[in-house]
Amino acid sequence: DGGITQSPKYLFRKEGQNVTLSCEQNLNHDAMYWYRQDPGQGLRLIYYSQIVNDFQKGDIAEGYSVSREKKESFPLTVTSAQKNPTAFYLCACNSAIGNTEAFFGQGTRLTVV
Amino acid sequence: AQSVSQHNHHVILSEAASLELGCNYSYGGTVNLFWYVQYPGQHLQLLLKYFSGDPLVKGIKGFEAEFIKSKFSFNLRKPSVQWSDTAEYFCAVTPYGNNRLAFGKGNQVVVIP
């Protein structure tokens, strides 16, 4: 089955530690995205990548970093510089050209204690 | 950058009532429009989409949306809701040719049996 997979589903970390969230897709989509979802704030774009080895900051990139070494993978690192990291993180992908919808992973709920 | 506005973040209604959720966007060019739904504990899934053609689009589960270009709107409707429509609904927009999605803040809809 084609799809987009995020792992883990739940993640707990101590304050001050970096943590990396995984996102893998086998839909052969060029573009991948990371969103943060907070109650009442909708989905806010952290980073996106339209092609391998290239990525762009979204609206709330501070305190986050990404890499795109392979088409299928777009990991997100939440660094200790992120002031309020506890949130629900969603990864998505779509075709970089043409009219297409985005497909979403199941999300990772990160709790920093 | 484009922005998307959704009003009335919390909506509570009884079964069989009609539902209309407003969505307005700010972008002067051609756009692709989407409504996504997130049922409790589930991932985002596409409800319906508009790329071109008939401005009245039908989606899954009896939902429809109307694109009114002059009003920069893409309102979602359902004539008679069911308890199972309890979910959060997100409007999203991409400029044509650029598949970076911008989301509204969402509408939390609760249907009372």
Side-chain angles (χ1 to χ4, degrees), chain A residues 1-7 9-10 23-25 27-51 54-61 66 74 87-109, chain B residues 1-11 21 23-25 29-53 57 59-60 65 67 74 87-110:
Chain A
D1 272 339
I4 178 167
T5 303
Q6 289 184 242
S7 61
K9 192 171 180 181
Y10 299 97
C23 179
E24 304 276 332
Q25 55 101 356
L27 297 167
N28 200 33
H29 284 165
D30 291 304
M32 297 187 75
Y33 309 80
W34 274 105
Y35 291 89
R36 172 181 169 138
Q37 185 177 8
D38 297 283
Q41 304 242 32
L43 277 71
R44 293 181 290 167
L45 183 65
I46 304 172
Y47 267 98
Y48 65 104
S49 168
Q50 302 276 39
I51 196 169
D54 187 49
F55 47 82
Q56 308 292 330
K57 291 182 180 179
D59 301 315
I60 54 164
V66 292
F74 190 43
F88 189 58
Y89 291 89
L90 282 167
C91 182
C93 65
N94 63 7
S95 175
I97 57 172
N99 296 322
T100 68
E101 67 198 72
F103 295 86
F104 285 83
Q106 298 266 13
T108 294
R109 184 163 298 281
Chain B
Q2 66 273 21
S3 67
V4 182
S5 298
Q6 291 180 246
H7 309 290
N8 302 321
H9 181 65
H10 291 98
V11 177
L21 302 177
C23 174
N24 291 90
Y25 63 92
T30 303
V31 293
N32 297 325
L33 298 152
F34 308 84
W35 274 96
Y36 283 85
V37 61
Q38 188 175 35
Y39 297 104
Q42 296 189 26
H43 62 93
L44 262 77
Q45 51 188 286
L46 184 70
L47 203 52
L48 46 77
K49 60 190 176 188
Y50 173 80
F51 293 151
S52 64
V57 292
I60 60 172
F67 171 50
F74 189 55
E88 191 154 17
Y89 295 81
F90 295 95
C91 183
V93 176
T94 65
Y96 182 81
N98 174 346
N99 284 347
R100 173 183 163 172
L101 279 166
F103 282 87
K105 292 189 176 182
N107 295 106
Q108 184 66 58
V109 175
V110 175

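These numbers come from the heavy atoms of this one structure, side chains and all, not from hydrogens, waters or symmetry mates. Per chain, numbering begins at 1; letters A, B, ... match sequence-line order.
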Rounded to the nearest 0.5 Å, how far does [atom2] of [Y] lie from [atom1] of [X]?
{"X": "A/N94", "Y": "B/F34", "atom1": "CG", "atom2": "CZ", "result": "7.5 Å"}
{"X": "A/F104", "Y": "B/L101", "atom1": "CZ", "atom2": "CG", "result": "6.0 Å"}
{"X": "A/E101", "Y": "B/T94", "atom1": "CD", "atom2": "OG1", "result": "11.5 Å"}

Below 4.5 Å from any heavy atom of chain A, which atoms of B/E88 appear? Answer side chain, backbone, both or neither. side chain
Go through the atoms of B/L44 and report whether side chain, backbone, both or neither lie under 4.5 Å from a heavy atom of chain A. both
Examine whether an atom of A/Q37 lies under 4.5 Å from a heavy atom of chain B, and if so say whether it belongs to the side chain, the backbone or both; otherwise answer neither. side chain
Tightest non-hydrogen contact, residues B/R100 and A/K57, listed as NH1-O, 4.3 Å
Give the minimum heavy-atom separation between B/Q38 and A/F88, together with the two atoms involved. NE2-CE2, 3.9 Å
Pairwise side-chain contact, B/Y36 with A/L43, heavy-atom cut-off 4.5 Å (strictly under): no
Tell me every residue that passes disulfide (SG to SG under 2.5 Å) with A/C93, counting only those two or more places apart in sequence or in another chain. none
Which residues share a side chain to side chain contact (heavy atoms under 4.5 Å, CB included) with B/H43, sequence neighbours left out: A/Q106
